[in-house]
Amino acid sequence: MLETKMFKTATTDLAAAAELIKKGQVVAFPTETVYGLGADATKESAVKKVFAAKNRPSDNPLIVTVANVEMVKRFVSEIPVIAQKLIANFWPGSLTIIMRYDEGALSPVVTGGLPTVAFRLPASDVTREFIALADTPIVGPSANTSGKPSPTTAQHVWHDLQGKIAGIIDDGAARVGVESTVIDITTATPTILRPGAVTQEALEAVIGEVNSEHRKVGIDETPKAPGMKYRHYAPDVPVYMVQSDKWEAAIIWAQQQLEPVGIMAPDAVIEANHLAGMDFVWSLGNDVTTASAKLFAGLRYFDDRDNIETILVHRFADQGVGRAYNNRLGKAASDQYFDVDM
């Protein structure tokens, strides 16, 4: 079992964590979205350690996280005009861009054997400094056991991966709370493969028409982006989505169960039903932006409690950031909705 070291955000700590990356080790790092699991993207042996730590299928491609645009240029002959526009408007930030790369420039272990690769330049100053000190792009899947709710704090990472990775950089709670938007610019019309905080409307304002991918990836098909194929973000107990007009019935149902039911709802729902302060209730705040930042933490909170057998979670309108929130919630719930007859 590895000794997992905890690092703060001072440059001396980041430099020590970067040395571990240079030595082919795996270090979890903070971003504005969720915590990522970093290893040198140019070292196949290091990347394989990421799959082993996460217990993740190796046909899932990995995002290559960079400190600056110059790092992207190490792997592509040219950055397409569409990518240049996206970079100018959304980097650093919560947008991952899939583009073609030079043959042989990256291991198939990183790309899933595809002729494309996903690049991201995060908004976190800490992350960019860490990668710059390592002087290499790093892979950056979420730093959790594969399939479980993504980590939004260093403590979540420790819970899942302590003893399996060399280090964790602690920069507090992630601000956004859901993974980056993934856009594929190698298709005839740019296509969102995973919704995130950068919305379809924001992208279209910059590059024109953008499609949104909703199909499921086949069992023998390699996904072009993370989160498209396997069950994701799911606690061990069943999760059900609750629409706004179903909460009264859902709470009555929950009160009739023998074991406590976890309730994740906006403050307005909690207050209207006199649930404030109860330990089986998790506040999602006042809007979908706050709810997105608190979703995974709430799922983890209830997943760690032995007596919770079911979790009910509010579903927001499917627009703007709500698309990203509902995407993650839908996967956690296996698309199951609360029904009073269940």
Side-chain angles (χ1 to χ4, degrees), residues 31 33 36-44 46-48 50-51 54 56-91 93-122 131 136-142 179-196 198 200 203-204 206-230 232 327:
T31 76
T33 56
L37 201 56
D40 187 338
T42 68
K43 292 180 179 177
E44 187 171 292
V47 175
K48 286 180 177 179
V50 170
F51 287 108
K54 284 179 62 68
R56 173 180 173 143
S58 58
D59 68 343
N60 246 350
L62 298 172
I63 290 171
V64 175
T65 309
V66 298
N68 48 56
V69 178
E70 293 304 311
M71 282 190 173
V72 176
K73 294 178 180 177
R74 297 182 190 181
F75 306 104
V76 300
S77 299
E78 63 175 356
I79 297 177
V81 172
I82 288 178
Q84 292 176 32
K85 291 180 179 179
L86 293 171
I87 287 168
N89 284 271
F90 300 109
W91 277 12
S94 305
L95 180 68
T96 295
I97 305 171
I98 293 179
M99 60 183 88
R100 297 191 181 278
Y101 69 101
D102 295 341
E103 186 177 353
L106 284 166
S107 166
V109 175
V110 175
T111 64
L114 297 170
T116 56
V117 66
F119 292 104
R120 171 152 128 80
L121 178 64
I131 298 171
T136 183
I138 60 176
V139 294
S142 56
E179 297 84 353
S180 60
T181 303
V182 177
I183 186 168
D184 183 2
I185 65 164
T186 69
T187 51
T189 302
T191 302
I192 295 173
L193 300 185
R194 182 179 72 187
V198 178
Q200 182 169 349
L203 292 166
E204 289 183 331
V206 172
I207 60 172
E209 182 184 1
V210 172
N211 287 337
S212 184
E213 178 95 345
H214 291 297
R215 70 182 180 87
K216 292 188 176 180
V217 176
I219 190 67
D220 297 321
E221 184 180 357
T222 300
K224 294 182 80 172
M228 294 182 67
K229 187 172 183 179
Y230 301 99
H232 275 68
N327 172 268

Which atom of P190 lies closest to which atom of I183, heavy atoms considered: CB-CD1, 3.9 Å
Test side-chain contact (heavy atoms from CB on, under 4.5 Å) applied to I97 and F90, step by step: CA-CA 10 Å; I97 305 171; F90 300 109; over 6 Å; no
Reported CD1-to-CE distance for the pair I138 and M71, which is rounded to 0.5 angstrom: 9.0 Å
If you measure from CG on D40 to OG1 on T136, what distance do you get to the nearest 0.5 Å? 3.5 Å
A46 and A39 have their tightest heavy-atom pair at O-CB, 3.7 Å
Output the distance between atom NZ (K43) and atom NZ (K48), rounded to the nearest 0.5 Å. 15.0 Å
OG1 of T191 to CD1 of I185, rounded to nearest 0.5 Å, is 11.0 Å
For E209 and T189, indicate whether the former's side chain and the latter's backbone hold a donor-acceptor pair under 3.5 Å. no
Quick check: closest heavy atoms across P141 and K54, and the distance to 0.1 Å? CG-CD, 3.9 Å
To check you understand the geometry: which heavy-atom pair defines the closest contact between L62 and V109, and what is its length? CD1-O, 4.4 Å
Side chain to side chain contact (heavy atoms under 4.5 Å, CB included) involving E70 - partner list, sequence neighbours excluded: N68, K73
Check against side-chain contact (heavy atoms from CB on, under 4.5 Å), T111 and Y101: CA-CA 10 Å; T111 64; Y101 69 101; 3.4 Å; yes
N211 CG to L193 CG distance, which is reported to the nearest 0.5 Å: 10.5 Å
Nearest 0.5 angstrom please: I98 CD1 to R194 CZ, how far? 9.0 Å
Would you say the side chain of F51 lies within less than 4.5 Å of the side chain of V139, judging by non-hydrogen atoms? no
Could you tell me which non-hydrogen atom of T96 sits nearest to which non-hydrogen atom of S180, and how far apart they are? OG1-OG, 2.8 Å
Residue set satisfying side-chain hydrogen bond (donor to acceptor under 3.5 Å, both in side chains) with T31, at least two apart, ordered chain then number -> T33, R120
Pair up each side-chain donor or acceptor in residues 76-89 with any protein partner under 3.5 Å, not counting sequence neighbours, and list the distances.
| residue | atom | partner | partner atom | Å |
| --- | --- | --- | --- | --- |
| S77 | OG | D102 | OD1 | 2.5 |
| Q84 | NE2 | I79 | O | 2.7 |
| N89 | ND2 | K85 | O | 2.8 |

Please examine the side chains of V182 and D184, heavy atoms only from C-beta on, and report whether any two atoms are closer than 4.5 Å. no
For residues L121 and V66, report the shortest heavy-atom separation together with the two atoms involved. CD1-O, 3.1 Å
